[in-house]
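As a basis for the values below, the full set of heavy atoms in this structure was taken, side chains included, without hydrogen atoms, waters or symmetry mates.
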Amino acid sequence: MLGALTAQAAEGRYPQRPVRLVVPFTPGGSTDIVARLVADAMHTTLGQPVVVDNRSGASGFIGAEAVANAAPDGYTIGLGTISTLVVNPIMLPQSARIDPAKALVPVVALASIPSVFSVHPNMGVQNYAQFLTLARSKPGQFNIGSAGIGSIGHLIAERLNADLKLKLHHIPYKGQGPVISGALSGETQVLSDQYPSSAPHLAAGRLVAFAVAAQERLPALPQVPTFRELGHPALNDLAITWFGIVAPAGTPQAVVSRLNSAANAALQEPAVQERLQAMGAHILGGTAQRLATMMEETARAVRQTVREQGLAADRPH
């Protein structure tokens, strides 16, 4: 069967029907937006639709499991993120019935999204230096939220405390939506969030940015430094969210190559580039190995943070 599939792909006959792209989160967020942009544009190269199938729940495990358990024929692929491919398996292994490193194969890296670190205006700070001075002067008095114990936001909060020598109090919520609501209401004073979802609140003055995690300063926030500039490259890299396409283990290499070529072509489409850049995204692309290397490097960074901070997924910090 697999030999026939490989030959079929090599002859250019794959795909012969629509391809399903499983997105492990609900519609409307950054993950879903990136998936739909690329899926629509992949149609041009593949000659078949790429249909997005949102399978949310269990911190992304449900979607990842759906891809891992699918037939390795190229007709079910998945949108993987730093959370579903790396952080969840390390921080929440008891919740997973699959190991993404073994059950999935990388296809292509798509894009990375910067994070913005901001404060509630009532905190009374306008920049990084003022934030650092105030937060250090009142240890334990300011809160930072995350999407839950063991989430990427939890790791970022711990790394922020460690690298900046702070004692922000971590509050776990059930999802990033409540995290943002808590920051806007003043229940928490410090917020780490992807740029696209924070942008309207920053523009309206409901949040004040003091640093970003990005490859370079954001055009919309030219006065706000990156954490790399500020001397914290590990924190900077950990807080950059990235997305990639994966397939079930055992998918023929010729099929993976065809999907990789289609995704790379999609990322070159001017309309796709314009939309991603408007989100503050850094477009990636390249070989399947690039995504594999990103997964390996991120896993090392996450394990280092877990080890250094003595984190465990079953207790709050």
Side-chain angles (χ1 to χ4, degrees), residues 30 82-83 87 91 113-214 217-218 220-221 223-241 280 302 305-306 308-309 311 315-317:
S30 298
I82 184 174
S83 294
V87 177
M91 289 297 293
I113 299 284
S115 289
V116 177
F117 290 74
S118 60
V119 295
H120 191 278
N122 288 349
M123 200 168 174
V125 301
Q126 297 297 319
N127 55 46
Y128 174 76
Q130 292 177 4
F131 165 76
L132 204 60
T133 298
L134 181 60
R136 285 178 176 173
S137 71
K138 297 182 178 181
Q141 294 190 34
F142 298 116
N143 301 326
I144 182 170
S146 82
I149 300 296
S151 67
I152 182 64
H154 178 194
L155 285 180
I156 291 169
E158 295 293 339
R159 187 92 245 176
L160 185 72
N161 273 337
D163 289 11
L164 273 58
K165 298 179 173 55
L166 305 177
K167 291 186 178 179
L168 301 175
H169 177 62
H170 170 233
I171 298 181
Y173 291 85
K174 293 183 178 180
Q176 190 65 12
V179 173
I180 297 171
S181 295
L184 292 172
S185 70
E187 183 175 47
T188 60
Q189 293 74 44
V190 184
L191 174 66
S192 166
D193 184 40
Q194 293 177 12
Y195 171 70
S197 49
S198 279
H201 304 301
L202 294 166
R206 292 186 290 267
L207 295 171
V208 179
F210 65 85
V212 297
R217 291 195 184 197
L218 304 183
L221 300 171
Q223 78 284 6
V224 182
T226 69
F227 269 120
R228 183 172 292 278
E229 285 181 71
L230 296 168
H232 304 292
L235 173 60
N236 192 82
D237 293 349
L238 181 65
I240 297 175
T241 296
V302 169
T305 298
V306 169
E308 290 177 352
Q309 303 307 314
L311 298 181
R315 66 173 185 270
H317 291 264

Begin from the C-alpha positions of Val190 and Phe210 and carry the test side-chain contact (heavy atoms from CB on, under 4.5 Å) through to its verdict. CA-CA 10 Å; Val190 184; Phe210 65 85; 4.3 Å; yes
Step by step, would you call Leu132 with Leu164 a side-chain contact (heavy atoms from CB on, under 4.5 Å)? CA-CA 8 Å; Leu132 204 60; Leu164 273 58; 3.8 Å; yes
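In terms of heavy atoms, Gly280 sits closest to Pro114 at O-CD, 2.9 Å. Of all non-hydrogen atoms in Asn236 and Ala214, the two that sit nearest each other are ND2-O, 3.1 Å. Nearest heavy atoms, Val179 versus Thr188: O-OG1, 4.5 Å. Looking at every heavy atom in both residues, Leu238 comes nearest to Ile82 through O-CD1, 3.9 Å. Residues Gly150 and Val87 share a closest heavy-atom pair of O-CG1, 3.6 Å. For Thr226 against Arg217, the heavy-atom pair with the smallest separation is CG2-N, 3.7 Å.
Taking the six-membered ring wherever Trp is involved, the centroid distance between the rings of Phe227 and Phe117 falls below 6.0 Å.
The backbone N or O of Tyr195 sits nowhere less than 3.5 Å from a side-chain atom of Ser198 that would complete a donor-acceptor pair. Between the side chain of Asn143 and the backbone N or O of His170 there is no donor-acceptor pair closer than 3.5 Å.
With respect to Arg159, the side-chain hydrogen bond (donor to acceptor under 3.5 Å, both in side chains) criterion is satisfied by exactly one of His154, Glu308, His232: Glu308.
Of the N and O atoms on the side chains of Glu187 and Tyr173, at least one donor lies less than 3.5 Å from an acceptor on the other residue.
With rounding to the nearest 0.5 angstrom, the CZ atom of Phe131 is 10.0 Å from the OG atom of Ser118. Residue Thr305 holds its OG1 atom at 9.5 Å from CD of Glu158, rounded to the nearest 0.5 Å. Rounding to the nearest 0.5 Å gives a distance of 7.0 Å between CG of Asn161 and CD1 of Ile144. Note that the CG atom of Leu134 and the CZ atom of Arg136 stand 12.0 Å from one another [nearest 0.5 Å]. Here CD1 of Ile113 is found 10.5 Å from CD1 of Ile240. Values are rounded to the nearest 0.5 Å. Taking OG of Ser185 as the start and CD1 of Ile180 as the end, the distance is 12.0 Å to the nearest 0.5 Å.
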